[in-house]
Structures are given as C-alpha cells and as structure tokens.
Engineer: 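Can you keep this structure in mind? I'll have questions shortly.
Side chains included, hydrogens not; waters and symmetry mates left out as well; all remaining heavy atoms used.
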Amino acid sequence: MNIPFLDNWRKRRGPASGTALMGAQEEDPQGVAQLLSECELLRARAATAGIGLDDSAASLEALDQLLPRWRDDPDELPWLGNDAGLYLGTVIIRTVPGAAWQVWPSGRPVVRLGSGREVDVVQAGHQWAADGAPELSQLYAEVAET
C-alpha cells in the first residue's frame, strides 16, 4: 500500500507519533482514512467466522453476534478492541453525511460528526471487545440519528 504521508513521517523522525498523525491528517486525509480502515485482526476474525466486512451498518450487526473468543486471550483483546473501534469509525465515516476522522493531539483518532460532536470510537471498540456493550450496531444507530 502506498501511503505518502508515512514516508514523510519516517523521514522527519522528530515529532511525537500523535503530532505526526495529526500532520498526516491535514496533509492526506484520504490516506489516513485508508490506514485507519484496515482493521486487519478484526477482518481476519470476522472472515474466519464467515462474516464479510463491507463497511456497512449490517456488518456491525453481524460483528455483534460473534462469539467473543478473543476475551480468553489477554494479548489479543486490546488489539481486537482497537480494530473494532476503527472499523466502527470507518462505517460511520462512509455512511453518515458530514462525518470525518479527527486526530486528537495525543494521536487518538475519533470521529467528528457534522454537528461537531466527537465520538471516541476506539474507546467504544475496547468496551465492546471487553464486555460486549455497547453493541457496535447500537452505537452506530445512535450516531446516525444525530
């Protein structure tokens, strides 16, 4: 995958990762969106369960039905939670008018809605992975209404 801002970031080596991601967001928002939408671990687990992730609200409902086998693996849990949050954000960005990625100074990606409200999808993904609540599809529905 060719993501131009990564080459520039690697050359600079100076700023903290949050600052670099913020700068990349300004320079190449589509590249950052592409990077954030990868969610490799989540996509692999979903494919193993026969679920295709097509960046739709229906795919969030299917994810909510997965057996949470990752909860038995403390090493996988945070990674899967992170991917779940980024995938939720990807679905919101692609289906809710006016929604876009926003990167906080810490480097944490959140979704900014057209109303200005920011949704910490990564935190929601971690909560979902740990205990199943809130359901990804439920959070999506709440966001899509506003």
Engineer: Roughly how far, to the nearest 0.5 Å, is the OG atom of Ser37 from the CD atom of Glu40?
Structural biologist: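 Answer for the CD-OG pair, Glu40 versus Ser37, is 11.5 Å.
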Engineer: Please report the interatomic distance CG(Asp54) to OG(Ser59), rounded to the nearest 0.5 Å.
Structural biologist: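 That separation rounds to 5.0 Å.
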Engineer: In this structure, which one of Val122, Leu60, Asp83, Val111 forms a side-chain contact (heavy atoms from CB on, under 4.5 Å) with Leu88?
Structural biologist: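 Among the candidates, only Leu60 passes.
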Engineer: Please report the interatomic distance CH2(Trp101) to CG(Leu36), rounded to the nearest 0.5 Å.
Structural biologist: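 Output value for this atom pair is 5.0 Å.
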Engineer: CD of Gln102 to CG of Asp120: how many Å apart, nearest 0.5 Å?
Structural biologist: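 Rounded to the nearest 0.5 Å, the CD-CG separation comes out at 12.5 Å.
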Engineer: Calculate, to the nearest 0.5 Å, the distance between atoms OG and CD belonging to Ser137 and Gln65 respectively.
Structural biologist: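 Between atom OG of Ser137 and atom CD of Gln65 there are 7.5 Å.
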Engineer: Enumerate donor-acceptor pairs with a distance under 3.5 Å from any side-chain N or O in residues 90-100 to protein atoms, sequence neighbours excluded.
Structural biologist:
| residue | atom | partner | partner atom | Å |
| --- | --- | --- | --- | --- |
| Thr90 | OG1 | Leu86 | O | 2.9 |
| Arg94 | NH1 | Asp55 | OD2 | 2.1 |
| Thr95 | OG1 | Val91 | O | 2.6 |
| Thr95 | OG1 | Tyr140 | OH | 2.8 |

Engineer: When you measure from the side chain of Arg71 to the backbone N and O of Ala130, does any donor-acceptor pair fall under 3.5 Å?
Structural biologist: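 Checked: pair present.
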Engineer: Taking all atoms of both residues into account, what is the closest heavy-atom pair of Ala129 and Gly81, and its distance?
Structural biologist: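 Nearest heavy atoms, Ala129 then Gly81: CB-CA, 3.5 Å.
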Engineer: Kindly compute the distance separating CG (Leu63) from CG (Leu42), expressed to the nearest 0.5 Å.
Structural biologist: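 Leu63 atom CG to Leu42 atom CG measures 5.0 Å (nearest 0.5 Å).
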Engineer: Suppose the criterion is ring pair (Phe, Tyr, Trp, His ring centres under 6.0 Å): which pairs have a residue in residues 48-75, not counting sequence neighbours?
Structural biologist: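 Qualifying pairs: Trp70-Trp128.
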Engineer: Pair Gln123, Arg108 - check side chain to side chain contact (heavy atoms under 4.5 Å, CB included), show working.
Structural biologist: CA-CA 10 Å; Gln123 179 184 19; Arg108 188 177 192 107; 3.6 Å; yes
Engineer: Quick one: does Asp64's side chain have a donor or acceptor within less than 3.5 Å of a partner on Glu135's backbone?
Structural biologist: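 Judged by distance alone, no pair lies under 3.5 Å.
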